[in-house]
There are 2 protein chains.
Amino acid sequence: MSDAHGGESLLFLTDEQLRQGIEAMFFAYRGFTADPDRILEGMAYGRAHHRAVHFIARAPGTTVNNLLAILGVTKQSLNRVLRTLVEDGLVESRVGTSDKRERNLYLTEQGTALERKLSDAQRSRMRAAYRAAGPEAVAGFRTVLEAMMDGEMRRRYLRLRDGRS
Amino acid sequence: MSDAHGGESLLFLTDEQLRQGIEAMFFAYRGFTADPDRILEGMAYGRAHHRAVHFIARAPGTTVNNLLAILGVTKQSLNRVLRTLVEDGLVESRVGTSDKRERNLYLTEQGTALERKLSDAQRSRMRAAYRAAGPEAVAGFRTVLEAMMDGEMRRRYLRLRDGRS
DNA sequence: AGCTTAAGTCAGCTATGTTGACATTCCAAG
DNA sequence: CTTGGAATGTCAACATAGCTGACTTAAGCT
């Protein structure tokens, strides 16, 4: 238990420190989603559309099933979002080539434009935070976040990150 | 646009790095809320109840208005949550002493029990992540999160953190 | 041929957020 | 003392985004 942090105080593991971390996550996540949310309000879209568009941009040609697993929602929930995106011409759904039961999802030019707009806003805040915090803080930030993920989600995250999608 | 990666260690500011940070936030937040969510499902409560109970435990006697500002929701939305908590005997709402228009909110014994259960689960994951990442990573984690908050929320967070609540 | 899988759909439910309108209570300023 | 405004609470109506369950269609596999 009391492992070798070589004389380190373990003060960062007190309940008080943990609670501060919890609250930091809560408030930071609000900031994290604030800018895209602002862009989306007034459009007929919400955070769910943002997430779908993000991961389609991230892995073009991804299947519905894969997206379901990444987003962790039911197909009914995703389908509602996806349908509006396809109807509005932001997403294209092509019948799979090898397996025709599958649908491969792609952003249209219009979809790409929206994705870029949302992503620019979110990256811009991220960049400001990273710049203010410095490279070492950023490395620590990533390390803790990865340790906080559920096992299944961590695997998905790493696979995406390392391009083994 | 074509931001100079001027040969230097600004590698952590590339769009690719920022995107990875964004996805890390997304997946980590899922883990962050997973354990309390699991406890709450089946009870008549949800994440909104958890948040209310958390911040009442954090600052006993807080007013409804203060809670509204911290949670960033409308009073109607909070009121629905608060009402069920009061009806179920988890939260006590006392008329303010100096200003009788205000209501001061406190957890009952029962409310404290639920809060502890939720908080234990959430802290436990946090502790595991902190332990795995080490003190320096934790410091960086906190630094980046704070830099990511909106100004108003950062002020609230710091006030809570430093006990100037 | 028959089972499984991928996707999509319909119906209905829940949780959590939103506006808008309004009542009550109380403090404070004219 | 009255009036105006602030803090709180309530009611109604609605939107978003999640859920379950039941079902269809088409395609692939054994």
Side-chain angles (χ1 to χ4, degrees), chain A residues 26 29-30 33-34 36-56 61-88 91-106, chain B residues 26 29-30 33-34 36-56 61-88 91-105 118:
Chain A
F26 172 70
Y29 198 77
R30 297 264 301 274
T33 56
D37 282 0
R38 217 165 355 246
I39 292 172
L40 288 162
E41 88 182 4
M43 315 180 59
Y45 305 131
R47 214 176 278 181
H49 299 81
H50 179 193
R51 292 197 288 255
V53 160
H54 173 98
F55 285 107
I56 295 173
T62 187
T63 64
V64 172
N65 247 356
N66 186 31
L67 208 47
L68 283 180
I70 287 174
L71 296 176
V73 299
T74 58
K75 65 176 175 174
Q76 293 91 329
S77 193
L78 176 59
N79 202 253
R80 182 167 32 191
V81 164
L82 232 36
R83 200 182 338 166
T84 69
L85 289 173
V86 170
E87 277 170 4
D88 297 351
V91 167
E92 195 187 347
S93 167
R94 294 185 211 150
V95 171
T97 50
S98 59
D99 185 337
K100 290 179 189 167
R101 289 172 305 176
E102 295 182 342
R103 297 292 181 277
N104 296 118
L105 303 170
Y106 300 89
Chain B
F26 172 71
Y29 198 78
R30 297 264 299 273
T33 57
D37 281 0
R38 223 170 345 254
I39 292 171
L40 288 163
E41 89 181 5
M43 314 181 59
Y45 304 132
R47 213 175 279 181
H49 299 83
H50 178 195
R51 292 196 287 255
V53 159
H54 172 96
F55 285 108
I56 295 173
T62 188
T63 63
V64 172
N65 243 2
N66 188 30
L67 207 48
L68 283 180
I70 287 174
L71 297 176
V73 298
T74 58
K75 63 179 175 174
Q76 293 89 332
S77 194
L78 175 59
N79 201 252
R80 180 169 32 195
V81 163
L82 233 34
R83 199 184 333 155
T84 71
L85 290 172
V86 169
E87 278 169 4
D88 297 351
V91 167
E92 196 188 345
S93 167
R94 294 186 211 148
V95 171
T97 49
S98 61
D99 185 338
K100 292 176 187 166
R101 289 169 303 179
E102 296 181 343
R103 299 293 180 274
N104 297 117
L105 303 169
L118 295 171

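When reading the values below, keep in mind they use all heavy atoms of this one structure, side chains included, and skip hydrogens, waters and symmetry mates. Chain letters run A, B, ... following the sequence lines, proteins first, then strands; residues in each count from 1.
Residues D88(A) and T84(A) have side chains that never bring a donor and an acceptor to within less than 3.5 angstrom of each other.
The separation between L71(A) atom CG and dC19(D) atom C1' is 15 Å, rounded to whole Å. If you take CD of Q76(A) and P of dT24(D), they are 15 Å apart, rounded to a whole angstrom. For the pair E87(B) CD and dG9(D) P, the computed distance is 13 Å after rounding to whole Å. Atom C1' of nucleotide dG18(D) and atom CG of D37(B) are separated by 12 Å, given to the nearest angstrom. The CG-P distance, from N65(B) to dA6(D), rounds to 12 Å in whole Å.
Near DNA chain D, meaning a heavy atom under 4.0 Å away, the residues from residues 94-104 of chain A are S98(A), D99(A), K100(A), R101(A).
Residue H49(A) places at least one side-chain N or O closer than 4.0 Å to OP1 or OP2 of dA17(D). Residue N79(B) places at least one side-chain N or O closer than 4.0 Å to OP1 or OP2 of dT10(D).
Ring planes of H54(B) and H50(B): perpendicular class, angle over 60° (limits at 30 and 60°).
Here E92(B) pairs with R94(B) in a salt bridge; the nearest charged N to carboxylate O distance falls below 4.0 Å.
Between L78(A) and S93(B), the residue anchored nearer the 5' end of DNA chain D, judged by the nucleotide with its closest heavy atom, is S93(B).
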Table please: side-chain donor-acceptor pairs of residues 36-43 of chain A below 3.5 Å, with sequence neighbours left out.
from   : atom 1 : to     : atom 2 : distance (Å)
D37(A) : OD1    : R47(A) : NE     : 3.3
D37(A) : OD2    : R47(A) : NE     : 3.2
D37(A) : OD2    : R47(A) : NH2    : 2.5
R38(A) : NH2    : D35(A) : OD1    : 2.7

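Heavy-atom minimum distance, G96(B) versus N104(B): CA-OD1, 3.3 Å.
Side-chain rings of F55(B) and F26(A) approach one another, their centers coming within less than 6.0 Å.
At the heavy-atom level, R80(A) lies under 4.0 Å from base atoms of the strands shown.
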Begin with the C-alpha distance, continue with both residues' side-chain angles, and end with the deciding distance and a verdict on side chain to side chain contact (heavy atoms under 4.5 Å, CB included) for L82(A) and L105(A). CA-CA 10 Å; L82(A) 232 36; L105(A) 303 170; 3.9 Å; yes
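Put simply, chain A comes within 4.0 Å of DNA chain C, heavy atom to any atom, from dT5(C) to dC10(C), going 5' to 3'.
Residue K75(A) has its side chain nearest to dC23(D) when only dC23(D), dA17(D), dC19(D) are considered.
Distance check: N66(B) CG to E102(B) CD gives 9.5 Å after rounding to the nearest 0.5 Å. Here CG of L85(B) is found 6.5 Å from CD1 of I56(B). Values are rounded to the nearest 0.5 Å.
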